[in-house]
> 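Please find one structure pasted underneath; my questions will follow.
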Amino acid sequence: MSDPLFDNAPQAGFRLERHGPLAELILARPERHNALDADLMQGLLDGLDELVQGQTGAGRPHALLLRAEGKHFCAGADLNWMRSQAHADFDPSSFEKNREDARVLAKLMQTLDELPFPTLALVQGAAYGGALGLICACDIVLAADNARFCLSEVSLGLVPAVISPYVVRTMGMRQARRYMLSAEPFDAITACRLNVAHQLMPAAQLLTEGRLLALRLCRNGPAAMKETKRLLAAIEGQPVHQCEEKTVETIARVRVGLEAQEGMQAFFDKRPPGWRPRFKDEA
């Protein structure tokens with residue numbers, strides 16, 4: 001049974017739900033193709049902060065599923081909001097508001113990227129512009145066979161600036177230069193080839209398969225997954241010989257922790273570890 005955490009979410013364009021150890025952050029403005037504006041970005045950021053701080057009443061989740069209602073994952077920036085941004089000038093107050101909106105998007109991407117639990121995005125239909133930033137900030141991405149991706153900013157005279165670090169990290173500089181400069185759409189098969197998505201599947205199976213994978217994540221040690229994400233961030237881009245001390249310190253510290261001790265003992269006892277949530281298929 002789902003547990004909605006934000007009663008005002010439909011008006012804000014999103015919902016945040018808990019299904020036991022799994023949290024779902026749902027873009028819920030399908031009539032506007034789940035397009036991003038300042039209010040939606042701030043709402044999503046506030047929702048993530050609530051989960052990290054464990055103030056929802058259910059504690060910190062073991063995993064987060066990011067998905068969207070309707071035909072499209074996210075069409076990028078909301079057109080009405082973009083129009084208001086375009087009419088802003090270099091008047092100090094207008095320009096600072098413009099900068100602040102960009103900062104909110106940057107903080108949203110950073111927070112999603114650095115969450116202390118794994119994130120899984122489900123993508124169907126259009127995923128344009130800023131949507132690529134959300135997708136590339138997630139740990140795992142499943143794409144429906146009808147998904148279409150596009151870094152469309154330059155076709156509007158804009159720059160994919162805030163999302164660029166996450167997109168470049170995901171697809172590499174060479175491919176990012178092509179798709180950021182051409183603004184050409186690409187399909188889900190190409191998204192897998194570019195490392196934007198990990199797996200392609202029929203649209204009708206996306207939510208079912210996504211939830212199954214998310215629940216698999218929830219079976220793993222939450223502290224171990226947090227430490228794994230932290231380790232990967234620390235060694236990313238580093239020469240192998242410079243990673244030795246960090247990797248040695250991490251395994252030595254984690255190995256003697258309570259979660260690891262319980263996990264290993266449960267393995268030898270042939271029972272689920274005490275930190276694993278109980279699921280229907282388990283006695």
Side-chain angles (χ1 to χ4, degrees), residues 18-25 45 48-66 106-121 134-142 165-173 195-199 210-279 281-283:
R18 286 295 293 268
H19 303 263
L22 175 63
E24 293 194 12
L25 187 58
L45 180 57
L48 294 178
D49 286 340
E50 285 283 324
L51 291 176
V52 171
Q53 295 166 14
Q55 296 179 349
T56 62
R60 182 179 290 177
H62 289 204
L64 174 69
L65 185 67
L66 175 63
K107 183 63 175 176
L108 174 60
M109 300 295 173
Q110 181 184 10
T111 301
L112 184 59
D113 183 60
E114 297 178 356
L115 285 176
F117 39 82
T119 54
L120 169 61
L134 296 175
I135 291 166
C136 292
C138 287
D139 299 311
I140 304 171
V141 178
L142 304 184
Y166 305 97
V167 175
V168 170
R169 181 185 64 185
T170 298
M171 64 170 59
M173 180 62 76
N195 294 324
V196 172
H198 292 91
Q199 188 175 347
R211 281 179 169 162
L212 286 174
L213 180 53
L215 290 176
R216 180 180 180 86
L217 294 171
C218 291
R219 295 176 184 268
N220 299 329
M225 292 190 292
K226 175 182 176 180
E227 290 288 350
T228 299
K229 290 190 64 170
R230 182 181 295 172
L231 175 64
L232 293 174
I235 67 174
E236 183 179 8
Q238 299 296 317
V240 172
H241 68 277
Q242 292 185 12
C243 298
E244 179 178 339
E245 192 58 35
K246 179 63 176 178
T247 59
V248 168
E249 183 276 333
T250 298
I251 188 58
R253 173 172 48 80
V254 171
R255 184 181 288 152
V256 297
L258 294 178
E259 184 176 283
Q261 292 181 23
E262 167 62 11
M264 292 300 296
Q265 188 60 52
F267 174 80
F268 290 118
D269 293 344
K270 295 182 173 56
R271 60 171 175 83
W275 39 257
R276 178 179 295 172
R278 304 291 292 183
F279 297 98
D281 61 339
E282 292 180 335

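Everything numeric here is computed off the predicted structure, so don't read it as measured data.
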> Between Arg18 and Glu24, does any NZ, NE, NH1 or NH2 come within less than 4.0 Å of an OD or OE carboxylate oxygen?
no

> Answer yes or no: does atom CG of Leu258 have more than 12 heavy-atom neighbours from other residues, nucleotides or ligands under 6.0 Å?
no

> Check residues 109-119 and write down every donor-acceptor pair under 3.5 Å in which the side-chain atom is one partner and the other belongs to a residue at least two apart or another chain.
from: Thr111; atom 1: OG1; to: Lys107; atom 2: O; distance (Å): 2.8
from: Asp113; atom 1: OD1; to: Arg169; atom 2: NH1; distance (Å): 3.2
from: Asp113; atom 1: OD1; to: Arg169; atom 2: NH2; distance (Å): 2.7
from: Asp113; atom 1: OD2; to: Arg169; atom 2: NH1; distance (Å): 3.4
from: Thr119; atom 1: OG1; to: Asp139; atom 2: N; distance (Å): 2.9
from: Thr119; atom 1: OG1; to: Asp139; atom 2: OD2; distance (Å): 3.2

> My understanding is that only residues two or more places apart in sequence, or in another chain, count here; which of them pass side chain to side chain contact (heavy atoms under 4.5 Å, CB included) with Leu212?
Thr208, Glu209

> Going by the rule salt bridge (Lys or Arg N to Asp or Glu O under 4.0 Å), which residues pair with Arg230 if we only count those two or more places apart in sequence or in a different chain?
Glu227

> How long is the gap from NE2 on His198 to CG on Leu120, to the nearest 0.5 Å?
9.5 Å

> Sequence neighbours left out, what pairs pass salt bridge (charged side-chain N to carboxylate O under 4.0 Å, His left out) with at least one residue falling in residues 259-269?
Glu262-Arg271, Asp269-Arg271

> How close do Leu22 and Ala214 get, heavy atom to heavy atom, and via which atoms?
CD1-CB, 3.7 Å

> Do you know which two heavy atoms are closest between Leu231 and Lys246, and how far apart they sit?
CD1-CG, 3.7 Å

> Can you give me the closest heavy-atom contact between Pro273 and Gly263, atom names plus distance?
CB-CA, 4.3 Å

> Could you pull out every donor-acceptor pair under 3.5 Å between side chains of residues 234-243 and any protein atom, sequence neighbours left out?
none

> Specify the closest pair of heavy atoms between Tyr166 and Cys136, including all atoms of both residues, with the distance to one decimal.
O-CB, 3.5 Å

